[in-house]
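Note sheet for the following structure.
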Amino acid sequence: MNDNSRDTATDTLAQKDKSGAVISGGHLVAKALANEGVDTIFTLCGGHIIDIYDGCIDEGIRIVDVRHEQTAAHAADGYARQTGRLGCVVTTAGPGCTNAVTGVATAFRSESPILHIGGQSSLTQHRMGSLQDLPHVDMMAPITKFASGVFSTERVADMVSMAARECFNGACGPSYLEIPRDILDAEIPAEKAVVPKPGHYRSSTKSIGDPADIEQLADILVKSERPAVLFGQQVWASQGHEQAIDFVRALDIPAYMNGASRGMLPEDDPHHFDRTRRDAFSNADVIMIVGTPFDFRMGYGKRISQDLTLVQIDQSYATVGKNRDIALGIAGDPGAVLAAVAQAASGRIDRGAGQKRQEWMQQLREIEGQKLEKLMPMFTTDQNPIHPYRLAWEINRFLGDDTIYIGDGGDIVTISAQAVRPRRPGQWMDPGALGSLGVGTGFAMAAKLAHPQKEVVCLYGDGSFGMTAFDMETSQRFGAPYLAIVGNNSAMNQIRYGQIAKYGAERGDVGNKLGDVPFSMFGQMIGGYGEEVTEAGQIQPALLRAREAIAKTGKCAVVNVWVDPDEYAPGTKAQTMYK
């Protein structure tokens with residue numbers, strides 16, 4: 001339904017009320033969600049929230065019911081990441097809300113716009129000890145941008161719109177609304193319902209900040225001989241990737257990408273770099289950090305040389321300059337800022353600086369080649385048990401131009417980042433800064449529902465697969481089959497390494513060893529495809545058979561690959577995530 005038709009529907013609603021029409025709180029929720037462009041909610045049923053379902057049916061909103069609320073929240077997050085629109089999770093009260101907390105917190109740290117609507121017992125039972133009563137708003141406030149109860153049916157749609165608006169205020173993030181059952185079930189005259197018109201209660205978010213700062217940054221870049229830029233999650237999330245591509249090509253700047261911005265440039269693009277970030281950050285004269293914070297993944301900014309000009313661009317004022325001093329900070333929309341800077345610097349780079357810049361990129365390119373050459377023996381080894389780097393290499397070979405890749409795990413996903421290169425932006429998804437395990441099933445379901453024409457591949461560790469895998473059946477049930485690859489080492493290996501290093505082998509396996517589970521049988525159990533892989537040479541043929549099975553049956557597939565439990569990612573060995 002387009003915005004104009006929604007406006008008409010709202011006007012018609014008021015006209016009908018003159019003849020006595022009424023509307024319930026649950027139906028107002030659905031109308032407000034439709035106004036926000038929500039076409040799918042992820043949920044697990046409960047008595048507090050069923051009137052929302054009834055409203056969603058009338059509004060044509062798809063209801064995807066899962067087996068665990070954590071998956072629902074991750075799916076709402078994944079849907080937002082894939083579409084750029086508001087994701088929505090609806091849970092019942094009490095454990096319905098608490099089960100979703102991890103997914104909401106993941107969205108919070110990953111700056112993903114999702115609206116969590118939670119049920120609550122009736123206002124008439126407030127503080128009486130009703131079923132599933134908890135202080136949900138108090139619990140959700142620290143991990144959301146906005147958290148509130150709704151205390152009258154007249155305000156339901158208005159409050160949904162208010163919460164949704166906050167999801168896109170500055171850097172994106174989640175909001176939470178608690179709506180008591182009697183508020184949802186109550187029917188009021190339609191003319192008394194406040195239903196904001198879509199597009200009439202938000203300002204533009206495409207700010208470039210202070211125009212003087214745009215000119216200053218252009219001046220900095222024009223004079224730079226060794227610039228570099230890192231594009232983070234926000235660049236894709238704000239749909240600024242086209243402007244980012246134009247920026248690096250116009251100004252001839254080597255670019256590094258993380259999060260969903262991976263794949264923004266093809267591997268053969270002269271401005272695409274991915275193995276020399278530390279080298280660039282140590283030797284550049286200007287570095288731009290666009291849309292990613294100085295958190296643990298960036299060494300809190302301390303790994304960047306002090307002897308350079310550091311510029312940060314971010315949607316959030318609070319993130320700019322946090323943990324690390326900068327020379328220039330701009331709070332604004334990444335795409336809009338990059339486009340403005342490119343225009344301000346256009347044609348101003350002199351021949352001498354341009355030549356130095358070409359030499360700088362050539363130097364980085366040579367180092368890239370040397371680092372890849374060092375990795376190739378691990379990428380191509382036939383060792384048994386299978387080296388996890390070989391699995392990652394084979395997955396990268398397997399990916400198509402339209403394959404969305406999802407990593408769900410610890411060490412296995414860290415390793416995959418060394419080899420897996422998505423072909424387009426938005427086709428990489430991972431747990432993000434919270435490091436949540438169990439995201440993969442919800443992400444995969446959401447990705448396939450958002451893009452039915454694309455292939456979806458999720459690499460799990462065996463620990464993370466065991467957390468949420470039962471909702472593969474949900475994904476399959478809703479016509480969203482995907483390929484699950486399990487890198488199985490029967491352990492929580494990222495933690496295991498640190499324990500062994502700290503306490504010795506005798507105590508190193510405590511609390512992190514798992515059973516040897518042939519997960520291929522899970523794929524078969526839900527009516528899909530399953531295959532066990534124990535030899536490196538079997539990986540690619542198994543993946544191809546799984547792809548064929550999915551295409552033929554419309555069911556999910558699980559390829560369980562047994563990898564060496566005594567191989568670890570370099571970051572795990574250095575324990576850098578804790579430093």
Task: Over all atoms of both residues, closest heavy-atom pair of Pro174 and Val104 - done: CG-O, 3.8 Å
Task: Check: Ser112/Asp77 side-chain N/O donor and acceptor closer than 3.5 Å - done: yes
Open item on the list: Between Thr441 and His74, is there a side-chain donor-acceptor contact under 3.5 Å, judged purely by atom types and distance?
Closed with: no
- [ ] Run the salt-bridge test on Glu59 and Lys31 with the 4.0 Å N-O cut-off and return the result as yes or no.
- [x] yes
Open item on the list: If only side-chain N and O atoms count, and only distance matters, is there a donor-acceptor pair under 3.5 Å linking Glu166 with Asn169?
Closed with: yes
Open item on the list: Heavy-atom count check: over 12 atoms from other residues, nucleotides or ligands less than 6.0 Å from Lys454 NZ?
Closed with: yes
Task: side-chain contact (heavy atoms from CB on, under 4.5 Å) partner of Val150, the single match among Val29, Leu28, Ile117, Val156 - done: Val156
- [ ] Indicate yes or no: does Arg262 engage Asp274 in a salt bridge with an N to O separation below 4.0 Å.
- [x] no
- [ ] Look only at the side chain of Gln427 and the backbone of Asp401, and say whether a donor-acceptor pair between them is shorter than 3.5 Å.
- [x] yes
Task: Parallel, tilted or perpendicular: ring planes of Tyr389 versus Phe379, cut at 30 and 60 degrees - done: tilted
Open item on the list: Treating Arg81 as the side-chain partner and Gly426 as the backbone partner, does any N or O pair qualify as donor plus acceptor under 3.5 Å?
Closed with: no
TODO: State which residue, out of Ile313, Val311, Thr309, Val320, fulfils the side-chain contact (heavy atoms from CB on, under 4.5 Å) condition with Leu328.
DONE: Val311
Task: N-O pairing of Asp39 and Arg85 below 4.0 Å - done: yes
Task: Over 12 foreign heavy atoms within 6.0 Å of CD, Gln239 - done: yes
Task: Partners meeting salt bridge (charged side-chain N to carboxylate O under 4.0 Å, His left out) with Arg424 (sequence neighbours left out) - done: Asp402
TODO: Could you tell me which non-hydrogen atom of Leu310 sits nearest to which non-hydrogen atom of Phe294, and how far apart they are?
DONE: CD2-CZ, 3.8 Å
Open item on the list: For Phe42 and Tyr79, I'd like to know if the aromatic rings sit close, meaning centre-to-centre distance below 6.0 Å.
Closed with: yes
TODO: Output yes when Arg348 and Asp219 qualify as a salt bridge under the 4.0 Å nitrogen-oxygen rule, no when they do not.
DONE: yes
TODO: Fit a plane to each ring of Tyr405 and Trp428, take the angle between them on a 0 to 90° scale, and name the class: parallel (under 30°), tilted (30 to 60°) or perpendicular (over 60°).
DONE: tilted
TODO: Check whether the side chains of Asn258 and Gln233 place a donor and an acceptor atom closer than 3.5 Å, and report yes or no.
DONE: no
TODO: Could you pull out all residues at least two apart from Arg249 that satisfy side-chain contact (heavy atoms from CB on, under 4.5 Å)?
DONE: Ile245, Leu265, Pro266, Asp269, His271
Task: Stacked cation flag Arg303 on Phe281, 6.0 angstrom / 45 deg - done: no
Task: salt_bridge(Asp333, Lys206) N-O dist < 4.0 Å - done: yes
Task: Heavy-atom closest pair, residues Ser316 and Ala171 - done: CB-CB, 3.7 Å
Open item on the list: Using 30° and 60° as the class boundaries, would you call the ring planes of Trp236 and His241 parallel, tilted or perpendicular?
Closed with: tilted
TODO: For the pair Asp295 and Lys322, evaluate salt bridge (charged side-chain N to carboxylate O under 4.0 Å, His left out) and give the outcome as yes or no after the intermediate values.
DONE: CA-CA 9 Å; Asp295 61 14; Lys322 182 179 179 181; over 6 Å; no
TODO: Could you tell me which non-hydrogen atom of Ala392 sits nearest to which non-hydrogen atom of Val420, and how far apart they are?
DONE: O-CG2, 3.8 Å
